[in-house]
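Written out below as C-alpha coordinates is the structure these notes cover.
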Protein chains: 2
Amino acid sequence: MNPTKALYSRLSHHAVLPDGVETHLAGVTLEIMHFEPGEVVVRRGQEASKAFVACEGWAARSISLSDGRTQIVNFMLPGDIFDLQVFTGQPADHTVRALTPVKVAALSREKVMEIFTVSSPLAAAMWWASVQEEAILREQVVRNGRRSARERVAHLLLELHERLRMIGEVDGDSFVLPVSQSHIADALGLSYVHVSRVLGYLEKSGFIERRRSRVTLLDRQALAKLCDFSTLYLTGGEGKGRLG
Amino acid sequence: MNPTKALYSRLSHHAVLPDGVETHLAGVTLEIMHFEPGEVVVRRGQEASKAFVACEGWAARSISLSDGRTQIVNFMLPGDIFDLQVFTGQPADHTVRALTPVKVAALSREKVMEIFTVSSPLAAAMWWASVQEEAILREQVVRNGRRSARERVAHLLLELHERLRMIGEVDGDSFVLPVSQSHIADALGLSYVHVSRVLGYLEKSGFIERRRSRVTLLDRQALAKLCDFSTLYLTGGEGKGRLG
DNA sequence: CGTGACATTGAACAAAGTCAAAAGTGGTGG
DNA sequence: CCACCACTTTTGACTTTGTTCAATGTCACG
(Lines give C-alpha, C1' and ligand atoms only; values in the text may rest on other atoms or scores of the structure.)
Protein backbone atom coordinates (compact mmCIF):
# COMPACT_ATOMS: atom_id res chain seq x y z
CA MET A 1 0.00 0.00 0.00
CA ASN A 2 1.07 3.52 -0.81
CA PRO A 3 2.17 5.21 2.41
CA THR A 4 0.18 8.38 1.80
CA LYS A 5 -2.86 6.29 1.03
CA ALA A 6 -2.40 4.08 4.08
CA LEU A 7 -2.15 7.05 6.36
CA TYR A 8 -4.95 8.90 4.69
CA SER A 9 -7.37 6.01 4.65
CA ARG A 10 -6.67 5.30 8.29
CA LEU A 11 -7.10 8.89 9.40
CA SER A 12 -10.12 9.55 7.28
CA HIS A 13 -11.94 6.52 8.61
CA HIS A 14 -12.82 8.31 11.81
CA ALA A 15 -12.02 11.90 11.16
CA VAL A 16 -13.75 14.28 8.86
CA LEU A 17 -10.64 15.49 7.12
CA PRO A 18 -10.98 18.72 5.19
CA ASP A 19 -10.14 18.78 1.50
CA GLY A 20 -6.54 19.49 0.83
CA VAL A 21 -5.18 17.32 3.56
CA GLU A 22 -4.41 14.56 1.17
CA THR A 23 -2.40 17.03 -0.84
CA HIS A 24 -0.52 18.13 2.24
CA LEU A 25 0.23 14.54 3.00
CA ALA A 26 1.40 13.87 -0.51
CA GLY A 27 3.72 16.82 -0.17
CA VAL A 28 5.56 15.30 2.74
CA THR A 29 8.42 13.21 1.48
CA LEU A 30 8.70 9.93 3.27
CA GLU A 31 11.54 7.54 3.63
CA ILE A 32 10.37 4.02 2.87
CA MET A 33 11.91 1.10 4.73
CA HIS A 34 11.46 -2.66 4.39
CA PHE A 35 11.80 -5.35 7.02
CA GLU A 36 11.68 -9.12 6.81
CA PRO A 37 9.86 -11.25 9.40
CA GLY A 38 11.74 -11.18 12.69
CA GLU A 39 13.72 -8.06 11.86
CA VAL A 40 13.76 -5.26 14.38
CA VAL A 41 12.30 -1.88 13.46
CA VAL A 42 12.79 -0.24 16.84
CA ARG A 43 14.96 -1.68 19.58
CA ARG A 44 14.29 -1.26 23.28
CA GLY A 45 16.75 1.14 24.82
CA GLN A 46 17.52 2.96 21.59
CA GLU A 47 16.71 6.63 21.53
CA ALA A 48 13.70 7.30 19.36
CA SER A 49 14.65 9.39 16.39
CA LYS A 50 11.91 8.50 13.94
CA ALA A 51 8.19 7.97 13.96
CA PHE A 52 6.66 5.46 11.56
CA VAL A 53 3.62 4.84 9.46
CA ALA A 54 3.00 1.19 8.67
CA CYS A 55 2.18 0.67 5.00
CA GLU A 56 2.18 -3.07 4.43
CA GLY A 57 2.45 -6.17 6.56
CA TRP A 58 2.12 -6.81 10.26
CA ALA A 59 4.50 -5.79 13.02
CA ALA A 60 4.37 -6.22 16.76
CA ARG A 61 5.44 -4.03 19.62
CA SER A 62 6.71 -6.22 22.41
CA ILE A 63 8.43 -6.11 25.76
CA SER A 64 10.41 -9.04 27.12
CA LEU A 65 11.36 -10.02 30.63
CA SER A 66 14.93 -11.00 31.30
CA ASP A 67 14.04 -14.69 31.50
CA GLY A 68 12.64 -14.64 27.98
CA ARG A 69 8.93 -14.34 28.62
CA THR A 70 7.58 -11.97 26.00
CA GLN A 71 4.48 -9.87 25.86
CA ILE A 72 3.26 -8.45 22.60
CA VAL A 73 1.79 -5.12 23.59
CA ASN A 74 0.00 -4.55 20.33
CA PHE A 75 -0.11 -5.54 16.71
CA MET A 76 0.63 -2.87 14.19
CA LEU A 77 -1.33 -2.98 10.97
CA PRO A 78 -1.11 -0.90 7.79
CA GLY A 79 -2.08 2.70 8.46
CA ASP A 80 -0.99 2.62 12.08
CA ILE A 81 1.21 5.47 13.19
CA PHE A 82 3.64 4.60 15.91
CA ASP A 83 6.44 5.95 18.05
CA LEU A 84 5.26 9.51 17.99
CA GLN A 85 7.19 9.77 21.24
CA VAL A 86 9.97 10.86 18.91
CA PHE A 87 9.53 14.35 20.29
CA THR A 88 10.80 13.47 23.70
CA GLY A 89 13.97 11.84 22.45
CA GLN A 90 13.63 9.13 25.04
CA PRO A 91 14.92 5.59 24.69
CA ALA A 92 12.18 3.22 23.59
CA ASP A 93 10.78 1.01 26.33
CA HIS A 94 9.76 -1.57 23.78
CA THR A 95 10.88 -3.38 20.66
CA VAL A 96 9.07 -3.31 17.35
CA ARG A 97 9.56 -6.33 15.14
CA ALA A 98 8.21 -7.28 11.75
CA LEU A 99 5.97 -10.36 11.80
CA THR A 100 5.54 -10.51 8.03
CA PRO A 101 7.44 -8.66 5.32
CA VAL A 102 6.79 -5.07 6.28
CA LYS A 103 6.95 -1.73 4.53
CA VAL A 104 7.01 1.37 6.70
CA ALA A 105 7.41 5.06 6.04
CA ALA A 106 9.81 6.74 8.44
CA LEU A 107 9.23 10.28 9.63
CA SER A 108 12.09 12.18 11.17
CA ARG A 109 11.41 14.48 14.05
CA GLU A 110 11.58 17.40 11.63
CA LYS A 111 9.05 15.82 9.29
CA VAL A 112 6.60 15.33 12.11
CA MET A 113 7.06 18.95 13.11
CA GLU A 114 6.54 19.93 9.49
CA ILE A 115 3.26 18.03 9.37
CA PHE A 116 2.11 19.72 12.52
CA THR A 117 3.04 23.10 11.11
CA VAL A 118 1.68 22.61 7.63
CA SER A 119 -1.72 21.37 8.63
CA SER A 120 -3.44 21.71 11.92
CA PRO A 121 -6.26 19.32 10.93
CA LEU A 122 -3.55 16.82 10.15
CA ALA A 123 -1.97 17.40 13.52
CA ALA A 124 -5.35 16.80 15.07
CA ALA A 125 -5.73 13.63 13.05
CA MET A 126 -2.44 12.34 14.37
CA TRP A 127 -3.57 13.24 17.86
CA TRP A 128 -6.69 11.25 17.12
CA ALA A 129 -4.63 8.26 16.02
CA SER A 130 -2.65 8.42 19.21
CA VAL A 131 -5.84 8.60 21.27
CA GLN A 132 -7.17 5.53 19.51
CA GLU A 133 -3.92 3.70 20.04
CA GLU A 134 -4.22 4.35 23.74
CA ALA A 135 -7.80 3.10 23.76
CA ILE A 136 -6.67 -0.12 22.09
CA LEU A 137 -3.98 -0.41 24.72
CA ARG A 138 -6.49 0.03 27.54
CA GLU A 139 -8.69 -2.63 26.05
CA GLN A 140 -5.66 -4.88 25.87
CA VAL A 141 -5.18 -4.40 29.61
CA VAL A 142 -8.78 -5.41 30.25
CA ARG A 143 -8.50 -8.36 27.93
CA ASN A 144 -5.38 -9.75 29.60
CA GLY A 145 -6.48 -8.79 33.08
CA ARG A 146 -10.10 -9.82 33.32
CA ARG A 147 -11.01 -12.09 30.46
CA SER A 148 -10.74 -15.87 30.26
CA ALA A 149 -8.63 -17.53 27.59
CA ARG A 150 -11.67 -18.15 25.39
CA GLU A 151 -12.81 -14.58 25.73
CA ARG A 152 -9.35 -13.27 25.00
CA VAL A 153 -9.00 -15.17 21.76
CA ALA A 154 -12.50 -14.27 20.59
CA HIS A 155 -11.98 -10.65 21.52
CA LEU A 156 -8.69 -10.40 19.68
CA LEU A 157 -10.18 -11.95 16.56
CA LEU A 158 -13.01 -9.44 16.62
CA GLU A 159 -10.65 -6.54 17.19
CA LEU A 160 -8.41 -7.56 14.34
CA HIS A 161 -11.39 -8.08 12.07
CA GLU A 162 -12.65 -4.60 12.85
CA ARG A 163 -9.27 -2.95 12.45
CA LEU A 164 -8.64 -4.75 9.18
CA ARG A 165 -12.11 -3.83 7.99
CA MET A 166 -11.25 -0.17 8.48
CA ILE A 167 -8.36 -0.46 6.08
CA GLY A 168 -10.18 -2.64 3.59
CA GLU A 169 -8.29 -5.83 4.32
CA VAL A 170 -11.23 -8.08 5.09
CA ASP A 171 -13.28 -10.18 2.73
CA GLY A 172 -16.68 -10.16 4.39
CA ASP A 173 -16.21 -11.98 7.67
CA SER A 174 -12.92 -13.50 6.75
CA PHE A 175 -9.38 -12.19 6.90
CA VAL A 176 -5.80 -13.34 6.76
CA LEU A 177 -4.14 -13.79 10.12
CA PRO A 178 -0.49 -13.98 9.14
CA VAL A 179 0.96 -14.75 12.55
CA SER A 180 1.70 -17.97 14.40
CA GLN A 181 -0.32 -19.10 17.39
CA SER A 182 2.73 -18.45 19.45
CA HIS A 183 2.52 -14.75 18.58
CA ILE A 184 -1.15 -14.74 19.48
CA ALA A 185 -0.22 -16.37 22.77
CA ASP A 186 2.35 -13.66 23.44
CA ALA A 187 -0.26 -11.01 22.76
CA LEU A 188 -2.85 -12.62 25.02
CA GLY A 189 -0.61 -13.68 27.87
CA LEU A 190 -1.33 -17.37 27.28
CA SER A 191 0.73 -20.39 26.34
CA TYR A 192 0.73 -21.29 22.68
CA VAL A 193 -0.55 -24.74 23.58
CA HIS A 194 -3.60 -23.23 25.18
CA VAL A 195 -4.19 -20.91 22.24
CA SER A 196 -4.22 -23.94 19.99
CA ARG A 197 -6.80 -25.61 22.20
CA VAL A 198 -9.01 -22.54 22.33
CA LEU A 199 -8.88 -22.01 18.58
CA GLY A 200 -9.75 -25.67 18.18
CA TYR A 201 -12.70 -25.21 20.49
CA LEU A 202 -13.93 -22.11 18.65
CA GLU A 203 -13.73 -23.99 15.39
CA LYS A 204 -15.44 -27.16 16.61
CA SER A 205 -18.17 -25.04 18.16
CA GLY A 206 -18.86 -23.35 14.87
CA PHE A 207 -17.74 -19.84 15.80
CA ILE A 208 -14.91 -19.70 13.31
CA GLU A 209 -13.43 -21.53 10.36
CA ARG A 210 -9.75 -21.78 9.48
CA ARG A 211 -8.09 -22.44 6.15
CA ARG A 212 -4.36 -21.91 5.97
CA SER A 213 -3.83 -18.57 7.59
CA ARG A 214 -7.30 -17.33 6.71
CA VAL A 215 -9.86 -17.05 9.48
CA THR A 216 -13.59 -16.68 8.94
CA LEU A 217 -15.83 -15.43 11.71
CA LEU A 218 -18.93 -17.55 11.11
CA ASP A 219 -21.05 -15.75 13.69
CA ARG A 220 -19.78 -12.36 14.73
CA GLN A 221 -22.80 -11.75 16.95
CA ALA A 222 -22.26 -14.91 18.93
CA LEU A 223 -18.53 -14.28 19.18
CA ALA A 224 -19.12 -10.75 20.42
CA LYS A 225 -21.53 -12.05 23.02
CA LEU A 226 -19.08 -14.72 24.09
CA CYS A 227 -16.44 -12.14 25.00
CA ASP A 228 -18.49 -9.01 25.69
CA PHE A 229 -16.97 -7.21 22.72
CA SER A 230 -17.89 -3.62 22.00
CA THR A 231 -16.47 -1.51 19.21
CA LEU A 232 -16.65 1.66 21.31
CA TYR A 233 -12.92 1.77 21.86
CA LEU A 234 -12.15 1.37 18.18
CA THR A 235 -14.69 3.63 16.58
CA GLY A 236 -15.31 6.12 19.35
CA GLY A 237 -19.08 5.78 19.13
CA GLU A 238 -21.05 5.22 15.97
CA GLY A 239 -20.29 8.46 14.13
CA LYS A 240 -17.10 10.05 13.07
CA GLY A 241 -15.16 12.00 15.65
CA ARG A 242 -14.76 15.71 15.40
CA LEU A 243 -11.33 17.11 14.91
CA GLY A 244 -9.52 20.41 15.00
CA MET B 1 -1.39 20.24 46.69
CA ASN B 2 -1.60 23.40 44.63
CA PRO B 3 -2.60 22.44 41.10
CA THR B 4 0.06 24.56 39.43
CA LYS B 5 2.65 23.08 41.73
CA ALA B 6 1.45 19.53 41.16
CA LEU B 7 1.62 19.92 37.43
CA TYR B 8 4.91 21.76 37.49
CA SER B 9 6.64 19.34 39.81
CA ARG B 10 5.48 16.44 37.75
CA LEU B 11 6.52 17.92 34.45
CA SER B 12 9.82 19.23 35.70
CA HIS B 13 10.83 15.88 37.09
CA HIS B 14 11.77 14.57 33.69
CA ALA B 15 11.78 17.59 31.48
CA VAL B 16 14.18 20.45 31.48
CA LEU B 17 11.58 23.18 31.57
CA PRO B 18 12.77 26.64 30.64
CA ASP B 19 12.33 29.49 33.08
CA GLY B 20 9.03 31.24 32.72
CA VAL B 21 7.00 28.11 32.26
CA GLU B 22 5.89 28.17 35.84
CA THR B 23 4.63 31.67 35.27
CA HIS B 24 2.76 30.59 32.18
CA LEU B 25 1.20 27.82 34.17
CA ALA B 26 0.22 30.13 36.98
CA GLY B 27 -1.43 32.38 34.43
CA VAL B 28 -3.81 29.66 33.32
CA THR B 29 -6.94 29.79 35.44
CA LEU B 30 -8.06 26.38 36.52
CA GLU B 31 -11.37 25.12 37.73
CA ILE B 32 -10.90 23.08 40.89
CA MET B 33 -13.19 20.12 41.55
CA HIS B 34 -13.51 17.79 44.53
CA PHE B 35 -14.65 14.18 44.62
CA GLU B 36 -15.29 11.79 47.46
CA PRO B 37 -14.22 8.13 47.35
CA GLY B 38 -16.36 6.25 44.88
CA GLU B 39 -17.55 9.32 43.03
CA VAL B 40 -17.24 9.38 39.29
CA VAL B 41 -15.02 11.96 37.63
CA VAL B 42 -15.47 10.75 34.06
CA ARG B 43 -18.13 8.29 33.00
CA ARG B 44 -17.76 5.78 30.19
CA GLY B 45 -19.78 6.81 27.18
CA GLN B 46 -19.85 10.48 28.05
CA GLU B 47 -18.28 12.78 25.54
CA ALA B 48 -15.02 14.15 26.81
CA SER B 49 -15.20 17.88 27.31
CA LYS B 50 -12.49 18.45 29.88
CA ALA B 51 -9.00 17.30 30.59
CA PHE B 52 -7.81 17.03 34.18
CA VAL B 53 -4.77 17.47 36.34
CA ALA B 54 -4.87 15.48 39.56
CA CYS B 55 -3.83 17.58 42.56
CA GLU B 56 -4.57 15.51 45.63
CA GLY B 57 -5.70 11.99 46.33
CA TRP B 58 -5.85 8.83 44.26
CA ALA B 59 -8.20 8.05 41.42
CA ALA B 60 -8.53 5.04 39.14
CA ARG B 61 -9.37 4.67 35.51
CA SER B 62 -11.33 1.49 35.03
CA ILE B 63 -13.29 -0.47 32.48
CA SER B 64 -15.96 -2.98 33.45
CA LEU B 65 -17.41 -5.94 31.62
CA SER B 66 -21.16 -6.32 31.53
CA ASP B 67 -21.10 -9.10 34.12
CA GLY B 68 -19.41 -6.85 36.65
CA ARG B 69 -15.79 -7.89 36.34
CA THR B 70 -13.74 -4.73 36.58
CA GLN B 71 -10.25 -3.88 35.44
CA ILE B 72 -8.46 -0.86 36.80
CA VAL B 73 -6.43 0.33 33.86
CA ASN B 74 -4.25 2.66 35.87
CA PHE B 75 -4.02 4.58 39.09
CA MET B 76 -3.94 8.32 38.86
CA LEU B 77 -1.75 10.15 41.32
CA PRO B 78 -1.24 13.84 42.02
CA GLY B 79 0.41 15.56 39.07
CA ASP B 80 -1.02 13.15 36.53
CA ILE B 81 -2.66 14.70 33.52
CA PHE B 82 -5.47 12.70 32.05
CA ASP B 83 -8.11 12.67 29.36
CA LEU B 84 -6.18 14.82 26.94
CA GLN B 85 -8.30 13.07 24.32
CA VAL B 86 -10.57 16.04 24.91
CA PHE B 87 -9.54 17.29 21.48
CA THR B 88 -11.31 14.53 19.65
CA GLY B 89 -14.62 15.01 21.42
CA GLN B 90 -15.08 11.28 21.58
CA PRO B 91 -17.04 9.44 24.23
CA ALA B 92 -14.79 8.09 26.95
CA ASP B 93 -14.13 4.35 26.75
CA HIS B 94 -13.45 4.26 30.48
CA THR B 95 -14.64 5.52 33.83
CA VAL B 96 -12.54 7.56 36.25
CA ARG B 97 -13.45 7.23 39.89
CA ALA B 98 -12.02 8.74 43.04
CA LEU B 99 -10.49 6.18 45.40
CA THR B 100 -9.75 8.69 48.15
CA PRO B 101 -10.96 12.26 48.53
CA VAL B 102 -9.66 13.83 45.36
CA LYS B 103 -8.94 17.32 44.16
CA VAL B 104 -8.54 17.86 40.43
CA ALA B 105 -8.10 20.86 38.20
CA ALA B 106 -10.32 20.77 35.14
CA LEU B 107 -9.11 22.14 31.82
CA SER B 108 -11.64 22.94 29.15
CA ARG B 109 -10.76 22.25 25.56
CA GLU B 110 -10.09 25.96 25.13
CA LYS B 111 -7.73 26.06 28.11
CA VAL B 112 -5.72 23.20 26.71
CA MET B 113 -5.49 24.97 23.40
CA GLU B 114 -4.43 28.09 25.25
CA ILE B 115 -1.65 26.23 27.00
CA PHE B 116 -0.45 24.85 23.71
CA THR B 117 -0.52 28.32 22.17
CA VAL B 118 1.03 30.19 25.07
CA SER B 119 3.98 27.91 25.59
CA SER B 120 5.42 25.44 23.19
CA PRO B 121 7.75 23.96 25.83
CA LEU B 122 4.67 23.41 27.94
CA ALA B 123 2.92 21.74 25.05
CA ALA B 124 5.93 19.51 24.71
CA ALA B 125 5.83 18.77 28.40
CA MET B 126 2.24 17.66 28.12
CA TRP B 127 3.20 15.53 25.18
CA TRP B 128 5.88 14.06 27.36
CA ALA B 129 3.36 13.31 30.09
CA SER B 130 1.16 11.53 27.60
CA VAL B 131 4.10 9.51 26.32
CA GLN B 132 4.92 8.46 29.86
CA GLU B 133 1.33 7.52 30.52
CA GLU B 134 1.42 5.27 27.52
CA ALA B 135 4.61 3.65 28.71
CA ILE B 136 3.00 2.94 32.08
CA LEU B 137 0.07 1.43 30.24
CA ARG B 138 2.35 -0.82 28.20
CA GLU B 139 4.08 -2.00 31.32
CA GLN B 140 0.66 -2.72 32.79
CA VAL B 141 -0.03 -4.97 29.81
CA VAL B 142 3.19 -6.87 30.42
CA ARG B 143 2.50 -7.12 34.11
CA ASN B 144 -0.97 -8.58 33.65
CA GLY B 145 -0.02 -10.65 30.66
CA ARG B 146 3.27 -12.28 31.57
CA ARG B 147 3.92 -11.92 35.27
CA SER B 148 2.89 -14.26 38.08
CA ALA B 149 0.75 -12.98 40.92
CA ARG B 150 3.77 -12.46 43.15
CA GLU B 151 5.60 -10.58 40.46
CA ARG B 152 2.57 -8.44 39.72
CA VAL B 153 2.13 -7.33 43.28
CA ALA B 154 5.82 -6.63 43.78
CA HIS B 155 6.01 -4.77 40.47
CA LEU B 156 3.02 -2.60 41.27
CA LEU B 157 4.43 -1.71 44.68
CA LEU B 158 7.71 -0.67 43.09
CA GLU B 159 5.98 1.35 40.40
CA LEU B 160 3.84 3.18 42.93
CA HIS B 161 6.84 3.83 45.11
CA GLU B 162 8.72 5.32 42.21
CA ARG B 163 5.83 7.42 40.99
CA LEU B 164 5.14 8.71 44.49
CA ARG B 165 8.82 9.44 44.95
CA MET B 166 8.72 11.69 41.91
CA ILE B 167 6.07 13.83 43.53
CA GLY B 168 7.62 13.79 46.98
CA GLU B 169 5.06 11.54 48.59
CA VAL B 170 7.35 8.86 49.94
CA ASP B 171 9.14 8.72 53.24
CA GLY B 172 12.29 6.82 52.37
CA ASP B 173 11.15 3.36 51.36
CA SER B 174 7.70 3.71 52.81
CA PHE B 175 4.54 5.23 51.46
CA VAL B 176 0.81 5.33 52.06
CA LEU B 177 -1.21 2.97 49.91
CA PRO B 178 -4.72 4.32 50.41
CA VAL B 179 -6.60 1.66 48.46
CA SER B 180 -8.16 -1.65 49.43
CA GLN B 181 -6.72 -4.98 48.35
CA SER B 182 -9.75 -5.37 46.20
CA HIS B 183 -8.69 -2.34 44.17
CA ILE B 184 -5.21 -3.76 43.85
CA ALA B 185 -6.76 -6.99 42.66
CA ASP B 186 -8.76 -5.13 40.02
CA ALA B 187 -5.60 -3.43 38.84
CA LEU B 188 -3.62 -6.67 38.66
CA GLY B 189 -6.29 -8.94 37.23
CA LEU B 190 -6.30 -11.14 40.33
CA SER B 191 -8.88 -12.04 42.98
CA TYR B 192 -8.70 -10.01 46.16
CA VAL B 193 -8.26 -13.21 48.11
CA HIS B 194 -5.11 -14.00 46.23
CA VAL B 195 -3.79 -10.47 46.63
CA SER B 196 -4.19 -10.89 50.36
CA ARG B 197 -2.23 -14.13 50.26
CA VAL B 198 0.54 -12.65 48.17
CA LEU B 199 0.89 -9.57 50.37
CA GLY B 200 0.99 -11.91 53.34
CA TYR B 201 3.75 -13.88 51.68
CA LEU B 202 5.76 -10.76 50.84
CA GLU B 203 5.47 -9.63 54.43
CA LYS B 204 6.35 -12.98 56.00
CA SER B 205 9.32 -13.26 53.66
CA GLY B 206 10.64 -9.90 54.78
CA PHE B 207 10.21 -8.02 51.51
CA ILE B 208 7.72 -5.55 52.89
CA GLU B 209 6.18 -4.34 56.10
CA ARG B 210 2.62 -3.10 56.58
CA ARG B 211 1.20 -0.80 59.21
CA ARG B 212 -2.32 0.45 58.64
CA SER B 213 -2.29 1.67 55.08
CA ARG B 214 1.43 2.38 55.10
CA VAL B 215 3.72 0.04 53.19
CA THR B 216 7.47 -0.11 53.64
CA LEU B 217 9.66 -1.74 51.03
CA LEU B 218 12.28 -3.38 53.22
CA ASP B 219 14.48 -4.49 50.35
CA ARG B 220 13.85 -2.72 47.08
CA GLN B 221 16.72 -4.53 45.38
CA ALA B 222 15.34 -7.93 46.23
CA LEU B 223 11.82 -6.91 45.28
CA ALA B 224 13.03 -5.56 41.95
CA LYS B 225 14.87 -8.80 41.30
CA LEU B 226 11.81 -10.82 42.26
CA CYS B 227 9.71 -9.21 39.55
CA ASP B 228 12.28 -8.04 37.01
CA PHE B 229 11.48 -4.39 37.64
CA SER B 230 13.18 -1.68 35.64
CA THR B 231 12.51 2.01 35.93
CA LEU B 232 13.15 2.58 32.23
CA TYR B 233 9.49 3.05 31.43
CA LEU B 234 9.01 5.58 34.19
CA THR B 235 12.12 7.68 33.90
CA GLY B 236 12.99 7.23 30.26
CA GLY B 237 16.60 6.34 30.98
CA GLU B 238 18.75 7.84 33.71
CA GLY B 239 18.83 11.46 32.62
CA LYS B 240 16.14 13.96 31.94
CA GLY B 241 14.43 13.83 28.58
CA ARG B 242 14.86 16.56 26.05
CA LEU B 243 11.85 18.56 25.08
CA GLY B 244 10.70 21.04 22.48
C1' DC C 1 -19.96 -2.10 72.45
C1' DG C 2 -21.92 -2.99 67.84
C1' DT C 3 -21.63 -2.48 63.09
C1' DG C 4 -19.83 -2.61 58.55
C1' DA C 5 -16.06 -2.69 55.57
C1' DC C 6 -11.89 -4.84 54.85
C1' DA C 7 -8.50 -8.68 55.54
C1' DT C 8 -7.17 -13.40 56.41
C1' DT C 9 -7.40 -18.36 56.20
C1' DG C 10 -8.61 -23.11 54.76
C1' DA C 11 -10.51 -26.49 51.63
C1' DA C 12 -12.27 -27.80 47.28
C1' DC C 13 -12.18 -26.70 42.56
C1' DA C 14 -11.16 -24.90 37.89
C1' DA C 15 -8.32 -22.82 34.52
C1' DA C 16 -4.33 -22.64 32.25
C1' DG C 17 0.61 -24.12 32.10
C1' DT C 18 4.20 -27.65 31.27
C1' DC C 19 6.15 -31.53 29.19
C1' DA C 20 6.44 -34.66 25.63
C1' DA C 21 5.36 -36.68 21.48
C1' DA C 22 3.03 -37.00 17.10
C1' DA C 23 1.19 -35.02 13.06
C1' DG C 24 0.69 -31.38 9.77
C1' DT C 25 2.75 -27.58 6.45
C1' DG C 26 5.45 -25.41 3.41
C1' DG C 27 9.76 -24.53 1.24
C1' DT C 28 14.15 -26.19 -0.86
C1' DG C 29 17.11 -28.62 -3.44
C1' DG C 30 18.26 -33.11 -5.51
C1' DC D 1 8.31 -34.89 -8.42
C1' DC D 2 9.83 -36.27 -4.11
C1' DA D 3 12.55 -36.33 0.19
C1' DC D 4 14.03 -33.68 3.70
C1' DC D 5 14.06 -29.86 6.77
C1' DA D 6 12.46 -26.57 10.05
C1' DC D 7 8.63 -24.83 11.95
C1' DT D 8 4.03 -24.86 13.58
C1' DT D 9 0.00 -27.12 15.29
C1' DT D 10 -2.33 -30.62 17.73
C1' DT D 11 -3.11 -33.90 21.40
C1' DG D 12 -2.68 -36.33 25.88
C1' DA D 13 -1.18 -36.75 30.70
C1' DC D 14 -0.01 -34.36 34.54
C1' DT D 15 1.16 -30.15 37.48
C1' DT D 16 0.75 -25.57 38.98
C1' DT D 17 -1.44 -21.40 39.85
C1' DG D 18 -5.01 -18.88 41.10
C1' DT D 19 -10.28 -18.84 41.99
C1' DT D 20 -14.36 -19.70 44.62
C1' DC D 21 -16.83 -20.42 48.65
C1' DA D 22 -17.28 -19.93 53.27
C1' DA D 23 -15.93 -19.00 57.80
C1' DT D 24 -13.37 -16.15 60.93
C1' DG D 25 -10.72 -12.04 62.36
C1' DT D 26 -9.60 -7.15 62.70
C1' DC D 27 -10.18 -2.43 63.06
C1' DA D 28 -12.12 2.26 62.74
C1' DC D 29 -15.91 4.70 63.94
C1' DG D 30 -20.42 5.84 65.55
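Lettering of chains follows the sequences in order, A, B, ..., and the numbering in each one begins at 1.
No salt bridge links A:Glu36 with A:Arg97; every basic N to acidic carboxylate O contact stays at or beyond 4.0 Å. Between B:Lys50 and B:Glu31, at least one side-chain N (NZ, or NE/NH1/NH2) sits under 4.0 Å from a carboxylate O, which counts as a salt bridge.
Nucleotide D:dT17 holds its P atom 14 Å from the CG atom of B:Leu190, rounded to whole Å. We find that CZ of B:Arg152 is positioned 13 Å from P of D:dT17, with the value rounded to whole Å. For the pair B:Arg146 CZ and D:dT17 P, the interatomic distance rounds to 15 Å; values are reported in whole Å. Straight-line distance from the NE2 atom of A:His194 to the C1' atom of D:dG18: 13 Å, rounded to whole Å.
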Can you tabulate the close N/O pairs, meaning under 3.5 Å, that link protein atoms to atoms of nucleotides 24-26 of chain D?
none

Each nucleotide N or O in nucleotides 8-10 of chain D that has a protein N or O under 3.5 Å away: list the pair and distance.
unit_1 : atom_1 : unit_2   : atom_2 : d
D:dT9  : OP2    : A:Gln181 : N      : 2.8
D:dT10 : OP1    : A:Arg210 : NH1    : 3.1
D:dT10 : OP1    : A:Arg210 : NH2    : 3.2
D:dT10 : OP2    : A:Gln181 : OE1    : 3.2
D:dT10 : OP2    : A:Gln181 : NE2    : 2.7
D:dT10 : OP2    : A:Ser196 : OG     : 2.9

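For the side chain to side chain contact (heavy atoms under 4.5 Å, CB included) criterion with A:Leu164, the lone passing option out of A:Asp171, A:Leu77, A:Leu177, A:Val176 is A:Leu77.
Protein chain A contacts DNA chain C from C:dA16 to C:dG26, reading 5' to 3' and using non-hydrogen atoms of the protein with a distance under 4.0 Å.
For B:Phe35, there are no ring-ring contact (aromatic ring centres under 6.0 Å, His included) partners two or more places apart in sequence or in a different chain.
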Tell me which donor-acceptor pairs under 3.5 Å the side chains of residues 184-198 of chain A have, and how far apart each pair is, sequence neighbours excluded?
unit_1   : atom_1 : unit_2   : atom_2 : d
A:Asp186 : OD1    : B:Arg146 : NH2    : 2.8
A:Ser191 : OG     : A:His194 : N      : 3.2

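Using a 4.5 Å cut-off on side-chain heavy atoms (C-beta onward), A:Arg61 and A:Asp80 make no contact.
Note on the helix from C:dC1-D:dG30 to C:dG30-D:dC1: terminal axis deviation equals 30°, with five pairs used at each end and the result rounded to 10°.
For the residue pair B:Arg43/B:Thr95, the side-chain donor-acceptor check at 3.5 Å is not satisfied.
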